[in-house]
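To find a chain, count down the sequence lines: A is the first, B the second, and so on, and within it residues start at 1.
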Amino acid sequence: MTTHYLVLSALLFAIGAVGVLLRRNAIVVFMCVELMLNACNLAFVTFARQHGNLDGQLIAFFVMVVAAAEVVIGLAIIVMIFRTRRSASVDDANLLKY
Amino acid sequence: MGETITFWVLAVVSVAAALGLVFSRKAVYSALMLGVVMLSLAVLYAVQDAPFLAAVQIIVYTGAVMMLFLFVLMLVGVDSSDSLVETIRGQRFWAIVAGLGFAALLALAIGNVVFTPAVGVGQVTQAKGGNIPALAEMIFTRHVFAFEVTSALLITAALGAMVLAHRERVRPKATQRDLARARFSGPQPSPLPGPGTYALHNAIDMPALLPDGSVSAKSINRVLARHELEDDFTPTDPEKAAMIREALAKGEAEEREHGVEAEQPIQAKDAVIKEDGQ
């Protein structure tokens, strides 16, 4: 069963990565990042069971805490950029490019 | 056996929902799809002897994080759909190729590993009297420093969000007197005509009719009209449909003009007040 869980986790991670590359809406990009974090958590929990060791579950718990903090800051930045540029598209925030 | 069935059902559901998250055009659908993925992962945690993580997953992710996502989505505008213009040529194609390659690489690497039958966390948790006591003991003994740093991280995040989302007020708050003055010096002192007045229905998407039977452009709800145009739900009467389209275009042109300066009217008001004072 471990292999199954790990493959599912890998698939979800890859889908999230494709989403980050494909989508232009900053909020959707953010959701894809969350999907990747969740996929990692699934792998951690699976390995915890595989090795009979609770460390994996503990790390997954810490990942959740960090992800929550990251969402708060990221969404605040998106709202701030939206206020000044009236757009949530990642293509429009390119002032540093030129 | 039960675990196998649960896994296959939830694996299919979560992968389908993840694909939906990436490929749905509307951001709200993406958010709901993400909720489905998170709920299925919570069940998978519960199946894998991690009841605490399953509960935290539901409370923190599907509860708090999803709510935050939806909240910001509503704040930023639900109808802000993705632009389909590629800023880097061929990016979409190569992103999909890279994603498929990455997935194949990971899956093959995992498939090549031979795992011994899972040990299971039952032994460890039973020694401590349950999953949560066992986790708690680890958090508050071996990982207590990481736990304390986490609290610092959360406080920093909360402060950072407050600082980032805070907006300085650059001009004084308009009082009721200012608002009344601006309203009566503007073009429309009375309220705008409500939707559906004199029309056959009084639904919010029906524009009000003027006494001569034509559509009053002021009564058109622009957000609804935009959706109707997108989904081709305009009234069957071609004249009315044309009026809606025209009113929408006019409103959007105005919006573009004012654009970032949504507070333009207040500025005009200030000028009026100053003139009065002198």
Measure distances from B:V12 to the heavy atoms of chain A and classify the residue's part below 4.5 Å as side chain, backbone, both or neither. neither
Name the option with the most non-hydrogen atom pairs under 4.5 Å to chain A; the candidates are B:A98, B:S24, B:A107. B:S24
Evaluate the side-chain proximity of A:V66 to B:T150: yes if any heavy-atom separation is below 4.5 Å, no if none is. no
Answer yes or no: is there a donor N or O on one side and an acceptor on the other, between the side chain of A:R23 and the main chain of B:V22, under 3.5 Å? yes
Name the region of A:L12, side chain, backbone, both or neither, that has any atom closer than 4.5 Å to a heavy atom of chain B. side chain
Distance from A:R24 atom CZ to B:R92 atom CZ, nearest 0.5 Å? 7.5 Å
Side chains of A:L75 and B:F71: does their closest heavy-atom pair fall under 4.5 Å? no
Using every non-hydrogen atom in the two residues, find where B:L53 and A:A60 come nearest and quote the distance to one decimal. CD1-CB, 3.6 Å
Test item: A:E34 side-chain N/O and B:Y61 main-chain N/O as donor-acceptor pair under 3.5 Å: no
Give, as side chain, backbone, both or neither, the part of A:F61 having an atom under 4.5 angstrom from any heavy atom of chain B. both
Can you tell which part of A:T46 gets under 4.5 Å to a heavy atom of chain B, answering side chain, backbone, both or neither? both
So which part of A:H51 gets closer than 4.5 Å to some heavy atom of chain B, the side chain, the backbone, both or neither? backbone
For A:L8, which atoms come within 4.5 Å of any heavy atom of chain B: side chain, backbone, both, or neither? side chain
Work out which heavy atom in A:V28 is nearest to a heavy atom in B:L21; give both atom names and the distance. CG1-O, 4.2 Å
Stepwise, does the side chain to side chain contact (heavy atoms under 4.5 Å, CB included) test hold for A:I15 with B:L19? CA-CA 7 Å; A:I15 293 172; B:L19 288 174; 3.9 Å; yes
Of the backbone (N, CA, C, O) and the side chain (C-beta and beyond), which part of A:L11 lies under 4.5 Å from a heavy atom of chain B, both, or neither? side chain
Counting heavy-atom pairs under 4.5 angstrom with chain A, the leader among B:T125, B:T156, B:L153, B:L41 is B:L41
Euclidean distance, B:H143 NE2 relative to A:I59 CD1, rounded to 0.5 Å: 6.0 Å
Looking at A:V65, A:L42, A:V20, which makes the most heavy-atom pairs under 4.5 Å with chain B? A:L42
Nearest atoms (heavy-atom pairs only) where B:A18 meets A:L35: CB-CD2, 3.8 Å
Which heavy atom of B:L135 sits nearest a heavy atom of A:L54, and at what distance? N-CD1, 4.1 Å
Side-chain contact test, heavy atoms from C-beta onward, threshold under 4.5 Å: evaluate it for A:L58 versus B:R142 and give yes or no. no
State, to 0.1 Å, how close B:V119 and A:G52 come at their nearest heavy-atom pair, and which atoms those are. CB-N, 3.7 Å
Parallel, tilted or perpendicular, judged at 30° and 60°: which one describes the rings of A:H4 and B:F7? perpendicular
Measure from the side-chain N and O atoms of B:Q48 to the backbone N and O of A:A48, and report whether any donor-acceptor pair falls under 3.5 Å. no
Given a strict heavy-atom distance threshold of 4.5 Å, which part of A:M31 is in contact with chain B: side chain, backbone, both, or neither? both
Do B:T116 and A:Q50 have side chains that approach each other closer than 4.5 Å (heavy atoms only, starting at C-beta)? yes
At a heavy-atom distance under 4.5 Å, which candidate from B:I96, B:T4, B:I139 has the highest pair count against chain A? B:I139
All heavy atoms of A:A68 vs all of B:V65, minimum pair found to be CA-CG2, 4.5 Å
Ranking B:A11, B:G160, B:G101, B:A109 by heavy-atom pairs under 4.5 Å to chain A gives rank one to B:A11
Side chains of A:N38 and B:V37: closer than 4.5 Å at any heavy-atom pair? no
At what distance, to the nearest 0.5 angstrom, does CE of B:M138 lie from CG of A:D55? 3.5 Å
Counting only non-hydrogen atoms closer than 4.5 Å, does B:I110 touch chain A with its backbone (N, CA, C, O), its side chain (CB onward), both, or neither? both
Do the non-hydrogen side-chain atoms of A:F82 and B:L75 ever get within less than 4.5 Å of each other? no
Pick one of side chain, backbone, both or neither for B:A161, based on which atoms fall under 4.5 Å of a heavy atom in chain A. both
Non-hydrogen side-chain atoms of A:M64 and B:V56 separated by less than 4.5 Å: yes
With a 4.5 angstrom heavy-atom cut-off, could you sort out which part of B:W8 is near chain A: side chain, backbone, both or neither? side chain
Interchain contact, A:F47 with chain B, by part (heavy-atom threshold 4.5 Å): side chain
Just verifying a value: how many Å separate A:C32 SG and B:L34 CG, rounded to the nearest 0.5 Å? 8.5 Å
Which word best sums up how the rings of A:F30 and B:F69 line up, parallel for under 30°, tilted for 30 to 60°, or perpendicular for over 60°? perpendicular
Counting heavy-atom pairs under 4.5 Å with chain B, the top scorer among A:V29, A:V71, A:I73 is A:I73
Are B:F115 and A:L6 side-chain neighbours, meaning at least one heavy-atom pair lies under 4.5 Å? yes
Looking at A:R83 and B:A165, would you say the former's side chain and the latter's main chain have a donor-acceptor pair under 3.5 Å? yes
Pair count under 4.5 Å, heavy atoms only, with chain A: among B:A104, B:G111, B:A95, highest is B:A95
Are B:N131 and A:Q57 linked by a side-chain donor-acceptor pair shorter than 3.5 Å? yes
What verdict does the side chain to side chain donor-acceptor pair (under 3.5 Å) test give for B:Q57 and A:N41, after you've listed the backbone C-alpha separation in whole Å, the side-chain angles of each residue and the deciding distance to 0.1 Å? CA-CA 10 Å; B:Q57 168 90 1; A:N41 275 353; 4.8 Å; no
Highest number of heavy-atom pairs under 4.5 Å with chain A: which of B:V163, B:L164, B:L106? B:L164
Determine, stepwise, if the pair A:V18 / B:F102 fulfils side chain to side chain contact (heavy atoms under 4.5 Å, CB included). CA-CA 10 Å; A:V18 169; B:F102 185 58; over 6 Å; no
